[in-house]
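What follows is one structure encoded as structure tokens, with my remarks underneath.
Source: prediction; values computed, not measured.
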Amino acid sequence: MPDTLVKSNPDAPPLFFEAEAAGLEWLASAGGARVVRVVSVAPGSIGLERVPTVRPDADAARAFGAALAVTHDAGAAAFGAPPDGWDGPLFIGRRPLPEAHEATWGEFYARDRVLPYLELAIEAGGIGRGQAAIVRQACDEIAAGVFDDDEPPSRIHGDLWNGNVLWSPQGVVLIDPAAHGGHRETDLAMLALFGCPYLDEIVDGYQGVRRLRTGWRERIPLHQLHPLAVHAASYGRGYGDALADAAARVIALADTR
């Protein structure tokens, strides 16, 4: 079996694979969670090390959680900032991912991670306008700083669903990032959204390195607004319903603060 896996798409947006390479290398430089090694990159293609996979297990999950905390602690220049040294576009999947340089999280998250994809979801019929109003109300609360804290920007994977977590014989290897400066809880919330195996053990390992703030479990719907909005724009009303439900929970949580 070849040691290198080449992904290619001549119709990919300009700098698509170069952005992927920049994100992988930035995450790798944190010295925390292992990411797939970039072998080569060129317009329209990227070569990556081939990662053999095994069944997930609890020990690997705890080790991954601890390593992910180290990656997050490596930090970023600002909320929404791209990988250090990268001045090209960002993507989540094939969709553009807005860049920002905000000192506070809430304004960035509402403006650049939820609302752009909400508009796309409305246009695609992935969410009703009444439901969209609930999401906008939640974004108003977020942008106003209701959920801001003194956490500095974390170095996050940005698209950390279960499919981007490979369980290798040497432990977890991450692929396909949308890496940027964000909030550490966002990566963990995305792991929860799509059912990562041994999630409790991942969190235990994480908290052995970096304790999460009180109430982080209640804030999971807040950090799931972004991936749900992205999916509602691409995959239909089921995700739009989930997005509106998460937004309603965020509004209820804001009312208690």
Side-chain angles (χ1 to χ4, degrees), residues 9 11-13 16 19-20 23 79-80 89-100 105-143 146-147 156-166 174-180 182-199 202-203 216-254:
N9 182 352
D11 297 324
F16 179 80
E20 179 179 349
F79 290 108
L90 302 177
F91 300 93
I92 183 163
R94 286 178 58 86
R95 293 193 179 276
L97 185 72
E99 176 185 330
W105 176 77
E107 183 176 1
F108 145 73
Y109 185 71
R111 184 192 66 216
D112 296 322
R113 292 296 178 266
V114 184
L115 291 175
Y117 305 100
L118 176 64
E119 295 304 320
L120 292 172
I122 294 169
E123 293 171 9
I127 191 170
R129 293 194 177 275
Q131 293 174 311
I134 299 170
V135 180
R136 289 197 182 94
Q137 182 181 348
C139 284
D140 287 344
E141 298 279 8
I142 298 165
V146 171
F147 298 101
I156 70 170
H157 179 282
D159 193 11
L160 198 55
W161 70 287
N162 183 42
N164 288 338
V165 178
L166 302 184
L174 303 182
I175 63 172
D176 292 348
H180 64 276
H183 198 293
R184 66 180 68 242
E185 292 178 11
T186 301
D187 270 350
L188 295 173
M190 194 175 290
L191 286 171
L193 180 60
F194 296 107
C196 188
Y198 294 101
L199 181 59
I202 292 171
V203 172
W216 71 270
R217 290 186 186 276
E218 289 73 22
R219 291 189 295 273
I220 286 175
L222 166 67
H223 292 276
Q224 290 179 343
L225 293 177
H226 169 51
L228 287 171
V230 172
H231 278 69
S234 299
Y235 302 116
R237 288 298 289 265
Y239 286 107
D241 292 345
L243 173 59
D245 179 69
R249 296 185 184 191
V250 169
I251 293 166
L253 185 59

Evaluate the side-chain proximity of Leu174 to Asn164: yes if any heavy-atom separation is below 4.5 Å, no if none is. no

Is a side-chain N or O of Arg113 found less than 3.5 angstrom from the main chain of Pro98, in a donor-acceptor match? yes

Can Asp241 and Gln131 be said to form a side chain to side chain contact (heavy atoms under 4.5 Å, CB included), step by step? CA-CA 8 Å; Asp241 292 345; Gln131 293 174 311; 2.8 Å; yes

Trp105 and His223: aromatic ring centres closer than 6.0 Å? yes

Write down the atom of Pro89, the atom of Ala19, and the distance for their closest heavy-atom approach. O-CB, 3.4 Å

Are any of the side-chain nitrogens in Asp245 or Arg249 under 4.0 Å away from the carboxylate oxygens of its partner? yes

All heavy atoms of Tyr117 vs all of Pro96, minimum pair found to be OH-O, 2.6 Å

Is there a side-chain contact between Glu185 and Leu222 in this structure, where contact means two heavy atoms from C-beta onward sitting under 4.5 Å apart? no

Heavy atoms of Met190 and Pro227 approach each other most closely as CE-CB, 3.5 Å

Tell me yes or no: between the side chains of Ser234 and Arg95, is some donor less than 3.5 Å from an acceptor? yes

Would you give the length of the straight line joining atom CG of Asp140 to atom CG of Leu115, rounded to the nearest 0.5 angstrom? 8.0 Å

Which heavy-atom pair separates His180 from Leu97 by the least distance, and what is that distance? ND1-CD2, 3.9 Å

On a heavy-atom basis, the closest approach of Val135 and Ala244 is CG2-CA, 4.3 Å

Using atom types as modelled and distance alone, determine if a side-chain donor or acceptor of Glu141 lies under 3.5 Å from a backbone N or O of Ile251. no

Any donor-acceptor pair under 3.5 Å from Asn162 side chain to Leu191 backbone: no

Calculate, to the nearest 0.5 Å, the distance between atoms CD and CD1 belonging to Gln137 and Ile142 respectively. 11.0 Å

Could you label the plane-to-plane angle of the His231 and Tyr239 rings as parallel, tilted or perpendicular, counting under 30° as parallel and over 60° as perpendicular? tilted

Check whether Tyr109 reaches the backbone of His226 with its side chain - one donor and one acceptor, N or O, closer than 3.5 Å. yes

Check step by step if side chain to side chain contact (heavy atoms under 4.5 Å, CB included) holds for Val203 and Trp216. CA-CA 11 Å; Val203 172; Trp216 71 270; 3.6 Å; yes

Between CG of Leu118 and CG of Leu243, what distance do you get to the nearest 0.5 Å? 6.5 Å

Using only atom types and a distance under 3.5 Å, with no angle test, would you say the side chain of Asp159 pairs donor to acceptor with the backbone of Ile92? no

Between Ala100 and Phe108, the two heavy atoms sitting closest are CB-CD1, 3.9 Å

Test your reading of the model: is there a side-chain donor-acceptor pair from His157 to the backbone of Gly23, 3.5 Å cut-off? no

Can you tell me how far CG of Leu199 sits from CG of Leu188, rounded to the nearest 0.5 angstrom? 7.5 Å

Under 4.5 Å between any side-chain heavy atoms of Val146 and Leu253, yes or no? no

